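Structure record follows, encoded as structure tokens.
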Amino acid sequence: MDQQYRFSEIEKKWQERWEKDNSFRTVEDPQRQKFYLLEMFPYPSGKLHMGHVRNYSIGDVLARHLTMRGYNVLHPMGWDSFGLPAENAAIKHGIHPDIWTHDNIKEMREQLKTLGLSYDWNREVATCDPDYYKWMQWIFIQFFKRGLAYKKKNPVNWCPACQTVLANEQVVDGACERCHEVVVKKELEQWYLKITDYAQRLLDDLEQLPGWPAKVKLMQKNWIGRSVGADVDFAIEGREEKMRIFTTRPDTLYGVTYMVLAPEHPLVSELVKGSGQEKAVAAFLDQLQHLSDIDRSATTLEKEGVFIGRYAINPMNNERIPIYIANYVLMDYGTGAIMAVPAHDQRDFEFAVKYNIPIPPVIDPGDPEIDLLNLESAFEAEGTMINSGPFNGMNSADAIEAFIEHLEKEGLGSRTINFRLRDWLISRQRYWGTPIPMIHCQKCGWVPEKEENLPVLLPTDVEFTGRGESPLASSPTFRKTECPLCGGPAEREIDTMDTFLDSSWYFLRYTDAKNDKAAWDVAKANYWMPVDQYIGGVEHAILHLMYARFFNKFLYDIGLSPTVEPFTNLLTQGMVLKDGSKMSKSKGNVVSPEEIIQRYGADTARLFILFASPPEKELEWSDTGVEGSFRFLNRVYRLVAELPDSIRQADSSAQIVTSDDKELAHVLNQTIAKVTEDIAERMNFNTAVSAIMVLVNELYRCRALPDGSVSAGLFHLAIEDLALMLAPFVPHLAEELWEGIGHSESLYREAWPTADPALLVRDEVEIVVQLNGKIKEKIKVASDLTDAAAFAETVLANPKVQALLAGQTVVKTVPVPGKLINIVVKKE
RNA sequence: GCCGGAGUGGCGGAAUUGGCAGACGCACAGGACUUAAAAUCCUGCGAUUCUUACAGGAUCGUACCGGUUCGAUCCCGGUCUCCGGCACCA
């Protein structure tokens with residue numbers, strides 16, 4: 001063994017060896033317990049960043065550890081390779097997106113390989129390759145066939161910078177999630193996936209995911225936003241049509257003093273005709289037109305509206321109620337219309353105050369401090385029903401049920417559940433995405449491309465201008481085609497799919513990545529699915545993770561996925577920060593993984609990232625911390641490189657002769673137990689590393705002792721176990737150490753060490769003696785004293801404890817065997 | 001505004017079931033080695049304080065105030081700060 005830790009040579013040597021031996025190739029094996037370990041695949045931007053290094057280092061620790069524990073581990077990697085940056089490069093530099101993307105993939109694959117990650121590259125997928133998007137199109141057609149994909153004209157979110165529409169989930173604070181440009185509304189005919197059909201199941205099945213962070217489940221729950229209430233029909237004075245509203249508070253029906261339609265509601269133009277309010281309404285609508293979507297939805301915006309000159313009739317008491325339009329009612333939730341109860345809804349309250357509308361209470365809070373006839377704000381909590389005819393005296397929460405029953409019996413309304421979740425708009429007016437495999441025929445309407453004709457290839461004869469409609473429209477050959485049904489002239493859809501579709505099923509494709517007959521072989525999916533552990537950034541808590549759950553449920557329903565949920569356990573890793581903020585080019589605080597690998601090696605980079613912070617927390621980058629990790633690896637290397645032949649060549653054995661043997665064996669077994677638990681059960685890699693450091697410190701202590709203090713066989717064993725335990729964290733160095741103490745085979749498939757329970761405990765343990773809860777003394781007692789009474793007796797008999805108790809009376813003792821005793825005393 | 005989460009040395013963090021607060025590392029200080037430096041090895045390292053000193057002892061200390069308990073970083077109530085999600089969803 002070289003006397004110096006030459007990390008670049010070592011890392012190169014082992015990477016080549018792994019590649020040559022095909023070490024990480026995985027095949028289905030019904031005899032072995034499978035483990036599907038997945039990290040979120042990256043967008044191939046061309047450069048690996050520290051977030052990737054963290055994500056993939058965490059995954060690799062688990063993959064290597066579980067392999068050593070005997071699991072058949074599926075650990076794949078691929079590329080989420082459709083998307084805007086490639087197209088922007090085409091517009092800016094004239095490079096075709098396909099070339100740009102594949103160059104980037106090549107570069108990033110090399111970078112991932114320098115990290116020594118244990119991927120089965122035979123299963124690599126790239127979503128932009130026709131052999132992948134062929135099956136994307138096939139899945140889309142399955143959605144269409146079951147009525148879950150449809151085209152509809154609707155006001156949609158339009159990003160003027162990206163020149164494309166966006167899904168609701170991709171609009172953050174009224175701006176584009178990608179480029180932060182302010183999003184505008186545009187009326188367009190677009191493709192949607194009916195995710196709302198799955199809303200209830202997406203919500204309910206969160207319960208089946210105890211291995212997910214509560215935070216992520218809560219975010220999804222809020223996003224789905226289920227509310228139970230009733231649809232109620234209000235008659236409109238002098239008209240045939242009814243006004244249907246949705247409310248979660250049917251108990252307040254007697255307190256309605258006005259009604260509101262969303263400004264975009266189709267009834268508005270009908271009703272306003274001949275009402276005498278045409279001018280006022282037109283002026284109000286015009287004023288709204290000039291507000292951006294952000295301003296329109298700001299909670300700080302004052303509630304404003306205008307009376308439209310018509311009245312509704314309250315079905316409960318036949319009161320005449322004025323109808324308004326107002327800026328605070330949304331067209332795309334519920335029925336786009338509400339009943340307003342100012343006494344019991346804060347928004348309605350503010351509006352009523354502004355427009356001098358009466359605020360009659362129908363629920364008594366039973367609180368003398370609240371003046372019901374002169375409310376300062378709406379009372380939204382539970383109370384006793386008043387002014388509500390036959391419902392008076394009921395508890396308002398019970399009254400909700402009673403009102404719904406009444407409405408249903410009288411045919412005035414019905415129980416309804418509404419979700420905040422909207423259908424998923426998946427059309428994008430871009431080139432670099434999966435073509436939507438649909439054809440429009442004058443006679444037959446929208447018809448899917450025949451499955452045997454898939455994939456619908458992206459045309460290459462297009463222009464990239466970055467403006468106007470989809471670039472696919474500029475292809476002279478793409479659009480014109482024949483109807484798959486009647487053979488008549490027809491036109492292809494020119495929009496492409498949102499790239500979030502591509503990443504909603506890649507975990508299934510990995511189970512059978514090269515299949516060209518089907519999306520995957522169901523038998524293989526049955527073996528590997530579900531993903532046992534999924535790892536990625538928390539920024540995907542809603543978008544990707546909800547879409548993937550939706551896809552999987554659909555694929556489950558049609559018999560292609562074996563489980564209702566795709567990801568059993570989820571680890572959301574924290575961000576990598578520098579100087580307290582996210583690394584970014586604009587802040588100039590980016591540390592490149594390449595540079596760190598070159599200076600210290602991949603093992604140091606991995607170790608630092610795993611050691612500095614628990615995985616789900618943010619990680620503050622520290623240059624001196626990296627130095628420290630590098631120093632530790634040097635220290636480990638030297639330990640083995642400087643090993644005397646007597647130890648190097650000794651047969652490893654757990655032979656214990658001396659007291660130092662006892663101590664070393666104890667530390668070694670403690671370390672094995674802790675590292676095993678920290679990796680597999682707690683996923684606290686930082687404490688696993690610190691435990692290994694403790695072992696290394698102990699080995700250094702032993703090394704400095706006079707000859708013969710520690711048995712050679714035991715020391716040899718400790719070094720072997722050290723190498724095995726280091727393997728998941730710093731695989732290259734671990735292999736080198738393993739070879740350095742006389743092994744010729746790679747340690748990758750070597751068994752993980754197990755702790756000997758007999759050696760986990762010492763003969764004597766130090767316990768704490770407290771007097772009235774304060775630590776006064778530490779004494780040693782036999783560790784097998786597990787009986788509380790015997791333990792207390794032994795401790796009290798100790799002369800040191802006797803001295804402490806002089807002049808005091810023992811009131812009570814609280815013994816905790818093996819740990820502590822608290823003696824409650826009082827002065828005599 | 002609503003809903004979550006978190007506050008521990010100079011710093012990153014540890015304390016797994018209510019039982020020794022600060023493991024491990026970084027930074028810093030001192031020492032050994034060296035002509036010297038780097039590297040390496042060893043030692044110290046929460047605050048205040050007592051004791052002539054050695055050795056040791058005392059008090060305080062996990063954002064703040066209070067509670068439960070023999071015992072609280074951990075449980076309960078309240079306050080403050082920071083972070084994240086949602087934000088007119090009727």
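For the numbers below, each heavy atom of this structure counts, side chains included, while hydrogens, waters and symmetry mates do not. Values in this document were obtained by computation on a predicted structure and should not be read as measured data. Here is how names work: the chains are called A, B, and so on, in the same order as the sequence lines, proteins then strands, and each is numbered from 1.
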Output a table of nitrogen or oxygen pairs between the protein and nucleotides 58-61 of chain B separated by less than 3.5 Å.
unit_1 : atom_1 : unit_2  : atom_2 : d
C60(B) : OP2    : K774(A) : NZ     : 3.1

**Report entry** Aromatic ring pairing H544(A)/H540(A), orientation class (parallel under 30°, perpendicular over 60°, tilted between)
**Finding:**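 If you compare the ring of H544(A) with that of H540(A), the planes turn out perpendicular.
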Requested in this report: Just say parallel, tilted or perpendicular for the rings of W424(A) and Y547(A), cut-offs at 30° and 60°.
Outcome: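 W424(A) vs Y547(A) ring planes: parallel.
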Which nucleotide in [options] has an atom nearest any side-chain atom of [X]:
X       : options                : result
T624(A) : C3(B), A87(B), C26(B)  : C26(B)
N822(A) : G19(B), A15(B), G25(B) : G19(B)
Q770(A) : G19(B), C3(B), A90(B)  : G19(B)
T247(A) : A90(B), G85(B), C24(B) : A90(B)
I338(A) : G71(B), C20(B), A90(B) : A90(B)
L820(A) : C20(B), C70(B), A90(B) : C20(B)

Within this structure, what is the [atom1]-to-[atom2] distance between [X] and [N], rounded to whole angstrom?
X       : N      : atom1 : atom2 : result
I542(A) : C3(B)  : CD1   : P     : 17 Å
E169(A) : C86(B) : CD    : P     : 10 Å
N327(A) : A90(B) : CG    : C1'   : 14 Å
E616(A) : G84(B) : CD    : P     : 17 Å
M693(A) : G13(B) : CE    : C1'   : 12 Å
R422(A) : A87(B) : CZ    : P     : 10 Å
H544(A) : G85(B) : NE2   : C1'   : 19 Å
I400(A) : A90(B) : CD1   : P     : 12 Å

Any strand: nucleotide that pairs with [N] via Watson-Crick or wobble, under 3.5 Å:
N      : result
U69(B) : none
G84(B) : C3(B)
G22(B) : none
U52(B) : none
A36(B) : none
C74(B) : none
A29(B) : U43(B)

Query - Working for salt bridge (charged side-chain N to carboxylate O under 4.0 Å, His left out), residues K354(A) and E304(A) - result: CA-CA 8 Å; K354(A) 183 174 161 105; E304(A) 288 186 324; 3.8 Å; yes
Describe the nucleic acid contact of [X] in one word from base, sugar-phosphate, nothing, applying a heavy-atom distance below 4.0 Å.
X       : value
T813(A) : nothing
E681(A) : nothing
N686(A) : sugar-phosphate
G225(A) : nothing
N697(A) : sugar-phosphate

Query raised in the report: Does a distance-only test, which skips hydrogens and angles, find a donor-acceptor pair under 3.5 Å between the side chain of K303(A) and the base of C88(B)?
Result: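 Present.
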Requested in this report: Classify the side chain of K812(A) versus the base of C70(B) as yes if they form a donor-acceptor pair under 3.5 Å and no if they do not.
Outcome: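 A donor-acceptor contact between them is absent.
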Query raised in the report: Going by distance alone, is a donor N or O of one side chain under 3.5 Å from an acceptor N or O of the other, for T604(A) and Y5(A)?
Result: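 The criterion, which ignores hydrogens and geometry beyond distance, is not satisfied for Y5(A) and T604(A).
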Query - Donor + acceptor pair across side chains of R549(A), Q220(A) (<3.5 Å) - result: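 Side chains of R549(A) and Q220(A): pair found under 3.5 Å.
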Query - G12(B) glycosidic torsion: syn (within 90° of 0) vs anti - result: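 What G12(B) shows is an anti base, its glycosidic angle lying more than 90° from 0.
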**Report entry** A691(A) vs V814(A), nearer the 5' end of RNA chain B by closest nucleotide
**Finding:**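 Closest to the 5' end, via its nearest nucleotide, is A691(A).
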Query raised in the report: On RNA chain B, nearest-nucleotide positions of I821(A) versus E677(A): which is more 5'?
Result: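 Checking each residue's closest nucleotide, the 5'-ward one belongs to E677(A).
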Query - Rounded distance in Å between the C1' positions of A29(B) and G85(B) - result: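 46 Å, rounded to whole Å.
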Query - Contact under 4.0 Å: S690(A) side-chain N or O vs G13(B) OP1/OP2 - result: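 No, S690(A) has no side-chain N/O under 4.0 Å of OP1/OP2 on G13(B).
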Requested in this report: Report yes if a side-chain nitrogen or oxygen of R420(A) is closer than 4.0 Å to either non-bridging phosphate oxygen (OP1 or OP2) of A87(B); otherwise report no.
Outcome: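 Result: yes.
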Indicate yes or no: does [X] engage [Y] in a salt bridge with an N to O separation below 4.0 Å.
X       : Y       : result
E764(A) : K780(A) : no
D231(A) : R415(A) : no
R703(A) : E642(A) : yes

Query raised in the report: Knowing that exactly one of W621(A), F729(A), F632(A) qualifies, which makes a ring-ring contact (aromatic ring centres under 6.0 Å, His included) with F608(A)?
Result: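 With F608(A) as partner, ring-ring contact (aromatic ring centres under 6.0 Å, His included) holds for just one option, W621(A).
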Considering only nitrogen or oxygen atoms on both sides, find all protein atoms under 3.5 Å from nucleotides 4-12 of chain B and state each distance.
unit_1 : atom_1 : unit_2  : atom_2 : d
G12(B) : O2'    : A612(A) : O      : 2.6

Requested in this report: Indicate, with yes or no, if the rings of F351(A) and Y328(A) have centres closer together than 6.0 Å.
Outcome: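 Yes, they do, as the ring centres are separated by less than 6.0 Å.
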**Report entry** Distance, nearest 0.5 Å, that separates CG of N798(A) from CG of L804(A)
**Finding:**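 It is 9.0 Å, given to the nearest 0.5 Å.
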Can you give me the N/O atom pairs linking the protein to nucleotides 39-45 of chain B at distances under 3.5 Å, or say none if there are none?
unit_1 : atom_1 : unit_2  : atom_2 : d
U40(B) : O3'    : R638(A) : NH1    : 3.3
C41(B) : OP1    : R635(A) : NH1    : 2.7

**Report entry** Y637(A) side chain reached by M1(A) side chain, heavy atoms, under 4.5 Å
**Finding:**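 SC-SC contact between M1(A) and Y637(A) confirmed.
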Query - Axial cation check for Y700(A) ring with R635(A), 6.0 Å and 45° limits - result: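 Satisfied, under 6.0 Å and within 45°.
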